[in-house]
Amino acid sequence: MAYDIFDTTEDNAKLKIVGLGAGGCKAIDYLMEHGDYEGCGISYTAIRNQSDLISENNAEHTILIDQQIQSADEDNNEIFNQSLSDSIGDQFADIDAFFILADFRDSENIKLASSLGKVFINKDLLKHGFIVAIINQPAQYEGKELQQQFEQGKQALLKYCDTVIVNSSEMILRDLNKNNKPVTDYFNQEFEANYQSIQIFIHTIVYVGLICVDFSDVYAVVADMSEAIRLSAMESGDDRAIQAINKVLKEAEQEWGSLFNPEIEAVLVDICAADMDLSEFDQIGDIICYAFSGSVRIKIATALDDKLKDQMEVNVLVVKRKK
């Protein structure tokens with residue numbers, strides 16, 4: 001088989017989830033409410049200005065930034081960068097991987113995302129780790145201005161993040177349709193998209209499974225890459241593995257077109273179930289290898305989760321190489 005399998009277990013990696021602005025802080029609250037991450041080596045930091053501090057969030061650390069300094073002219077960017085760095089202090093020390101959650105409906109978060117990159121570089125925090133950002137595209141009905149801000153924010157993150165996972169508006173709307181939810185639930189579905197994107201890392205790095213990957217294997221998929229998409233499907237029954245992976249690949253083609261794309265560099269697959277056997281693992285592995293060209297690096301892991309009962313969940317991260 002062309003894909004890589006591993007029998008290693010988790011190696012106690014320290015993961016930091018960083019929420020930028022009010023939207024990022026709400027995303028942290030959603031993760032903490034829905035994810036059972038106790039003992040997983042995960043910590044949370046919220047970075048926001050006082051004007052959007054409507055209520056306290058549940059992150060372990062909240063960094064309040066000076067809105068006057070943040071809103072200053074371009075000539076004072078270095079002042080804001082230093083102010084942010086001083087506020088963060090040593091909270092980001094000894095972290096193996098960072099996950100940034102940002103909402104660029106607030107244009108000030110574009111500057112905040114850019115300044116955060118300067119903090120990472122100046123503090124030399126990631127010699128052996130990685131930064132992944134997870135962002136959700138605003139709905140098309142929200143207008144062109146927000147779409148432009150989203151694109152500007154994405155470009156700011158791509159300058160220093162190893163990988164930026166983009167949940168497109170089409171993907172979010174498809175998920176709403178699959179779950180029979182109204183379009184008015186768009187914002188809540190964005191939080192669910194963040195949660196599902198984080199889950200693939202938690203499952204592969206932290207959870208015990210029939211076949212596991214470790215931190216270095218995930219690093220090999222996301223480090224120094226570019227844009228990525230995360231896709232998932234859940235099925236039950238005798239052919240659950242085949243049905244789930246085929247649904248995932250169909251959605252991947254809806255997002256990026258043909259999967260025989262020279263820009264695609266790596267794929268991370270997470271197979272999660274209460275129980276499974278190697279035949280299901282092999283079925284998914286064979287289909288994945290057939291779907292992508294031979295030069296794509298493929299890592300496959302499993303995670304055991306009793307809550308799924310007879311269902312199997314397949315999560316796939318598809319990553320483009322840096323141009």
Side-chain angles (χ1 to χ4, degrees), residues 17 19-37 52 54-55 57-58 99-106 109 132-147 149-151 153-154 164-203 227-237 240 243-256 270-274 303 305 307-318:
I17 298 177
L20 301 187
C25 295
K26 291 177 182 177
I28 284 180
D29 287 344
Y30 188 93
L31 292 178
M32 297 182 74
E33 179 182 351
H34 291 80
D36 183 16
Y37 297 152
D52 64 27
I54 299 171
S55 62
N57 59 276
N58 295 317
F99 300 92
I100 299 173
L101 307 177
D103 184 337
F104 295 113
R105 291 180 175 89
D106 181 353
N109 287 339
V132 168
I134 302 168
I135 55 175
N136 304 307
Q137 183 182 15
Q140 294 298 325
Y141 63 74
E142 295 182 73
K144 290 184 179 180
E145 181 178 351
L146 289 186
Q147 299 300 329
Q149 288 180 188
F150 170 79
E151 186 62 31
K154 182 177 76 172
V164 176
I165 300 174
V166 178
N167 295 308
S168 70
S169 58
E170 291 83 2
M171 180 187 297
I172 294 169
L173 289 171
R174 282 197 301 269
D175 287 340
L176 285 173
N177 186 54
K178 282 189 295 186
N179 296 314
N180 296 315
K181 294 180 179 179
V183 175
T184 51
D185 275 0
Y186 190 94
F187 298 110
N188 287 333
Q189 190 61 45
E190 287 188 29
F191 296 143
E192 180 64 19
N194 292 332
Y195 172 72
Q196 291 177 346
S197 298
I198 289 286
Q199 280 291 86
I200 191 170
F201 295 95
I202 304 302
H203 285 172
E227 191 171 332
I229 51 174
R230 181 273 322 155
L231 314 122
S232 63
M234 188 179 296
E235 292 292 333
S236 58
R240 61 184 185 173
Q243 286 191 30
I245 191 60
N246 282 334
K247 280 188 175 180
V248 165
L249 293 175
K250 181 179 179 180
E251 188 170 7
E253 289 179 335
Q254 288 177 299
E255 288 294 307
W256 279 358
D270 160 46
I271 310 167
C272 192
D305 188 343
K307 295 192 294 291
L308 290 176
K309 299 181 180 179
D310 65 336
Q311 293 180 305
M312 172 174 284
E313 183 178 24
V314 177
N315 302 292
V316 176
L317 186 72
V318 185

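- Here Glu192 does not pair with Lys181 in a salt bridge; the nearest charged N to carboxylate O distance is not below 4.0 Å.
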Pair Ile245-Val316, side-chain contact (heavy atoms from CB on, under 4.5 Å): steps then yes or no = CA-CA 9 Å; Ile245 191 60; Val316 176; 4.1 Å; yes
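- The one candidate from Glu235, Glu253, Glu313 that meets the salt bridge (charged side-chain N to carboxylate O under 4.0 Å, His left out) condition with Lys247 is Glu235.
- Note: Gln254 CD to Ser168 OG = 9.5 Å, rounded to the nearest 0.5 Å.
- Side-chain contact between Gln199 and Arg230 is absent, with no heavy atoms from C-beta onward closer than 4.5 Å.
- The two residues Ala193 and Asn167 make their nearest non-hydrogen contact at CB-ND2, 3.5 Å.
- Atom NZ of Lys178 sits in a crowded spot, with more than 12 heavy atoms from other residues, nucleotides or ligands closer than 6.0 Å.
- Here the side chains of Glu33 and Phe191 are not in contact, with every heavy-atom distance at 4.5 Å or above.
- Contact of the Tyr186 side chain with the Ser169 side chain is registered, since non-hydrogen atoms from C-beta on lie closer than 4.5 Å.
- Within the 4.5 Å cutoff, side-chain heavy atoms of Leu101 are placed close to those of Leu31.
- Atom CE of Met171 is separated from atom CD1 of Ile229 by 5.5 Å, given to the nearest 0.5 angstrom.
- A 4.5 Å side-chain heavy-atom check between Gln137 and Glu170 finds at least one atom pair inside the cut-off.
- The minimum heavy-atom distance between Cys272 and Asp305, with the atom names listed, is SG-CB, 3.6 Å.
- For the atom pair CD1 (Ile135) and CD (Glu190), the distance works out to 11.0 Å, reported to the nearest 0.5 Å.
- Using a 4.5 Å heavy-atom cutoff, the side chains of Asn136 and Asp103 are not in contact.
- Atom CG of Leu146 is separated from atom CG of Asp106 by 10.0 Å, given to the nearest 0.5 angstrom.
- Residues Asn109 and Gln149 are not in side-chain contact: their nearest non-hydrogen atoms beyond the backbone lie 4.5 Å or more apart.
- Interatomic distance, Leu20 CG to Ile100 CD1, rounded to the nearest 0.5 Å: 6.0 Å.
- Counting heavy atoms from C-beta outward, Asn194 and Tyr30 have side chains that stay 4.5 Å or more apart.
- Nearest approach of Asn179 to Asp175, heavy atoms of both residues: ND2-O, 2.9 Å.
- Remark: Phe104 pairs with no residue by the ring pair (Phe, Tyr, Trp, His ring centres under 6.0 Å) rule, at least two apart or across chains.
- Among residues two or more places apart in sequence or in another chain, the salt bridge (Lys or Arg N to Asp or Glu O under 4.0 Å) test is passed with Glu227 by Lys154.
- A donor-acceptor distance shorter than 3.5 angstrom exists from the side chain of Gln147 to the backbone of Pro138, with no hydrogens or angles considered.
- Salt bridge absent: Asp29 and Lys26 never bring a charged side-chain N and a carboxylate O closer than 4.0 Å.
- The heavy-atom pair separating His203 from Ala303 by the smallest distance is CB-CB, 3.9 Å.
- Considering all non-hydrogen atoms of both residues, Leu317 and Ala228 come closest at CD1-CB, 4.1 Å.
- Remark: Gln189 CD to Leu176 CG distance equals 4.5 Å, nearest 0.5 Å.
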Steps toward side-chain contact (heavy atoms from CB on, under 4.5 Å) verdict (Glu142, Phe150) | CA-CA 11 Å; Glu142 295 182 73; Phe150 170 79; over 6 Å; no
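- At least one donor-acceptor pair under 3.5 Å links the side chain of Arg240 to the backbone N or O of Asp310.
- The two residues Ile165 and Ser197 make their nearest non-hydrogen contact at CG2-OG, 3.9 Å.
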